[in-house]
Amino acid sequence: MSLSFPLYLNPSFCCNYQFVPPKSCSSSIRKSGEGGSSSSRAGSMKEASAVCYKKFIDFALEETKVHTHLATSPLQKFNSLMSMDARTELQMLSFEAPKVRLLRCLSIEGNDGMQVLDFAVFPKPEFDLPIFCANFFTAASTNIVVLDLNPLHAVTDRDDYKEKYYRHLIPLGLKYAELLPWGGKITSESLRFFSPIVIWTKFSSSQYYYDVLFSAFKDYYKAWLELMEQATEEIDTSEIVSNREAQHRYLMWRAEKDPGHRLLRRLVGEALAEEILRSFLFNGVQELGSKTFLDYFPEYRSDSGTINEKRSMIGKSFENRPWDTEGNFLGNSLRWIMAVN
């Protein structure tokens with residue numbers, strides 16, 4: 001599909017690319033010697049303890065190249081663009097590797113201090129690896145974080161899959177569950193795409209939390225890379241088909257119900273946001289299968305036959321972490337509340 005929008009392409013892009021953050025990334029923290037009283041400077045420093053997601057991206061790319069060969073993806077036609085009001089920059093990177101169908105990253109930098117990182121790695125269908133997922137949203141004083149090795153096959157249904165990929169990672173999850181507490185209610189529909197080690201948290205801006213988050217990102221990504229390195233290629237055709245359909249189902253859910261869609265549409269408009277969502281962020285919705293969203297999630301069919309826009313049809317949300325310290329899903333034994341759609 002050719003783009004009819006003003007994407008600013010760089011035809012010389014290659015794997016040695018160094019992510020170049022917008023100016024706001026390097027200038028968001030006031031230097032201690034610049035203006036104002038010492039008390040106001042201290043308050044400003046606390047308020048403006050700004051994270052820069054450049055180091056997250058740089059770490060991930062460098063660490064990946066230690067474990068595998070990265071090649072530029074054809075999707076690198078999506079490179080960078082400015083928002084409609086020319087106040088926010090969006091940068092996109094994409095790669096592929098022998099066991100990786102797509103490694104892609106979207107970073108958003110606004111001149112109002114807003115930052116977004118959406119980093120994901122999707123395995124090829126010949127491997128049943130989890131999907132690495134890092135979704136971070138930062139505003140002036142608020143941070144919303146999801147960090148996980150999203151299960152390709154639901155761990156609430158497949159004990160064998162949970163044992164294979166998550167049992168040995170439970171201590172890692174518990175470590176960061178203490179440092180980054182559960183972020184509040186989450187719908188049961190979304191929960192089926194998370195693992196027992198998911199980090200779902202909200203926190204006020206502070207350098208302490210940003211340091212913890214960077215540490216968690218590094219540990220989780222190194223854990224995923226180790227799983228990738230150990231993964232063996234599936235030769236059973238039925239298993240490959242199952243993996244492909246599971247990833248397609250995941251992508252269909254994210255492309256339709258991901259909560260970040262509203263922001264993207266506001267920044268670049270409905271048409272371009274839709275293309276970025278379906279062709280870049282969740283590439284595979286057209287390539288990996290022919291089933292529709294309603295084929296996978298018929299409970300979302302409205303009376304008119306269209307997709308219901310509600311986030312939850314069950315109306316059930318979990319306020320507390322729904323796994324115990326051994327990674328067992330507690331489900332209905334936890335207090336739940338009605339979801340806000």
hydrophobic_cluster_shared for Leu147 and Tyr208, side chain cutoff 4.5 Å: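 Yes, because Tyr208 and Leu147 connect within a single hydrophobic cluster, where side-chain heavy atoms sit under 4.5 Å apart.
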
Verify the cluster assignment for Met114 and Val146: are they in a single hydrophobic cluster under the rule of side-chain heavy atoms below 4.5 Å apart?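 Yes, it is one cluster - the side chains of Met114 and Val146 are joined through contacts under 4.5 Å.
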
Who passes side chain to side chain contact (heavy atoms under 4.5 Å, CB included) against [X], sequence neighbours left out?
{"X": "Asp236", "answer": "Glu234, Ser238, Glu239"}
{"X": "Arg265", "answer": "His261, Glu270, Ala273, Glu274, Leu277"}
{"X": "Lys257", "answer": "Trp253, Phe293, Tyr300, Ile307, Arg311"}
{"X": "Thr292", "answer": "Leu294, Asp295"}

Quick check: does any side chain N or O of [X] sit under 3.5 Å from a backbone N or O of [Y], one acting as donor and the other as acceptor?
{"X": "Lys99", "Y": "Ala231", "value": "yes"}
{"X": "Ser94", "Y": "Gln76", "value": "yes"}
{"X": "Arg321", "Y": "Val198", "value": "yes"}
{"X": "Arg87", "Y": "Asn111", "value": "no"}
{"X": "Trp182", "Y": "Ala177", "value": "no"}
{"X": "His248", "Y": "Val285", "value": "yes"}
{"X": "Glu96", "Y": "Ala71", "value": "no"}
{"X": "Asp148", "Y": "Ser195", "value": "yes"}

Does a side-chain heavy-atom distance below 4.5 Å link [X] with [Y]?
{"X": "Lys202", "Y": "Thr142", "answer": "no"}
{"X": "Pro181", "Y": "Phe203", "answer": "no"}
{"X": "Arg262", "Y": "Arg266", "answer": "no"}
{"X": "Leu152", "Y": "Gln247", "answer": "yes"}
{"X": "Phe329", "Y": "Pro196", "answer": "no"}
{"X": "Leu263", "Y": "Val116", "answer": "yes"}
{"X": "Leu75", "Y": "Asn283", "answer": "yes"}
{"X": "Phe194", "Y": "Asn150", "answer": "yes"}

Can you name the closest pair of heavy atoms from [X] and [Y] and give their distance?
{"X": "Phe282", "Y": "Ala255", "result": "CD1-CA, 3.6 Å"}
{"X": "Gly269", "Y": "Met84", "result": "N-CE, 3.6 Å"}
{"X": "Tyr210", "Y": "Ser205", "result": "OH-OG, 2.8 Å"}
{"X": "Gly173", "Y": "Tyr220", "result": "CA-OH, 3.4 Å"}
{"X": "Ile170", "Y": "Gly327", "result": "CD1-CA, 3.8 Å"}
{"X": "Leu191", "Y": "Pro322", "result": "CD2-CG, 3.5 Å"}

Mind checking side-chain hydrogen bond (donor to acceptor under 3.5 Å, both in side chains) for [X] and listing every partner two or more places apart, or none if nothing turns up?
{"X": "Tyr221", "result": "Thr64"}
{"X": "Ser304", "result": "Ser302, Thr306"}
{"X": "Lys291", "result": "Glu245"}
{"X": "Asp85", "result": "Ser83"}

[atom1]/[X] to [atom2]/[Y] distance, rounded to the nearest 0.5 angstrom?
{"X": "Lys54", "Y": "Glu109", "atom1": "NZ", "atom2": "CD", "value": "11.5 Å"}
{"X": "Ile235", "Y": "Ile240", "atom1": "CD1", "atom2": "CD1", "value": "8.5 Å"}
{"X": "Glu319", "Y": "Lys185", "atom1": "CD", "atom2": "NZ", "value": "8.0 Å"}
{"X": "Phe137", "Y": "Asn143", "atom1": "CZ", "atom2": "CG", "value": "9.0 Å"}
{"X": "Phe318", "Y": "Trp200", "atom1": "CZ", "atom2": "CH2", "value": "14.5 Å"}
{"X": "Ile108", "Y": "Thr138", "atom1": "CD1", "atom2": "OG1", "value": "11.5 Å"}

Any residue meeting ring-ring contact (aromatic ring centres under 6.0 Å, His included) with Phe59, in chain and number order, not counting sequence neighbours: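 If we apply the ring-ring contact (aromatic ring centres under 6.0 Å, His included) test to Phe59, skipping adjacent residues, there are no hits.
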
Candidate pair Glu62 and Lys65, rule side chain to side chain contact (heavy atoms under 4.5 Å, CB included), full reasoning: CA-CA 5 Å; Glu62 290 304 315; Lys65 287 187 282 188; 3.3 Å; yes

Would you kindly say whether Tyr176 and Thr201 are connected by a side-chain donor-acceptor distance under 3.5 Å? no

Not counting sequence neighbours, list each pair that qualifies as a salt bridge (Lys or Arg N to Asp or Glu O under 4.0 Å) and has a residue in residues 204-227.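 Only Lys175-Asp219 qualify under salt bridge (Lys or Arg N to Asp or Glu O under 4.0 Å).
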
What pairs meet the salt bridge (Lys or Arg N to Asp or Glu O under 4.0 Å) rule with one or both residues in residues 149-162, with sequence neighbours excluded? Arg158-Asp160

Checking side chain to side chain contact (heavy atoms under 4.5 Å, CB included) for the pair Asn320/Leu330: CA distance, chi angles, key distance, verdict? CA-CA 10 Å; Asn320 304 300; Leu330 300 175; over 6 Å; no

Walk me through whether Thr68 and Glu229 qualify under side chain to side chain contact (heavy atoms under 4.5 Å, CB included). CA-CA 8 Å; Thr68 189; Glu229 205 164 45; over 6 Å; no

Got more than 12 heavy atoms from elsewhere within 6.0 Å of CD, Glu178? no

Over 12 foreign heavy atoms within 6.0 Å of OH, Tyr209: no

Please determine whether side chain to side chain contact (heavy atoms under 4.5 Å, CB included) holds for the pair Ile199 and Leu213, giving the CA-CA distance in whole Å, both sets of side-chain angles, and the decisive distance to 0.1 Å. CA-CA 10 Å; Ile199 297 173; Leu213 181 60; 5.7 Å; no

Let me have the donor-acceptor pairs involving side chains of residues 119-136, under 3.5 Å, with sequence neighbours excluded, atom names and distances please.
unit_1: Lys124; atom_1: NZ; unit_2: Pro98; atom_2: O; d: 3.2
unit_1: Asp128; atom_1: OD1; unit_2: Lys164; atom_2: NZ; d: 3.2
unit_1: Asp128; atom_1: OD1; unit_2: Tyr165; atom_2: OH; d: 2.4
unit_1: Asp128; atom_1: OD2; unit_2: Lys164; atom_2: NZ; d: 3.0
unit_1: Asn135; atom_1: OD1; unit_2: Arg254; atom_2: NH2; d: 3.2
unit_1: Asn135; atom_1: ND2; unit_2: Asp118; atom_2: OD1; d: 2.9
unit_1: Asn135; atom_1: ND2; unit_2: Asp118; atom_2: OD2; d: 3.3

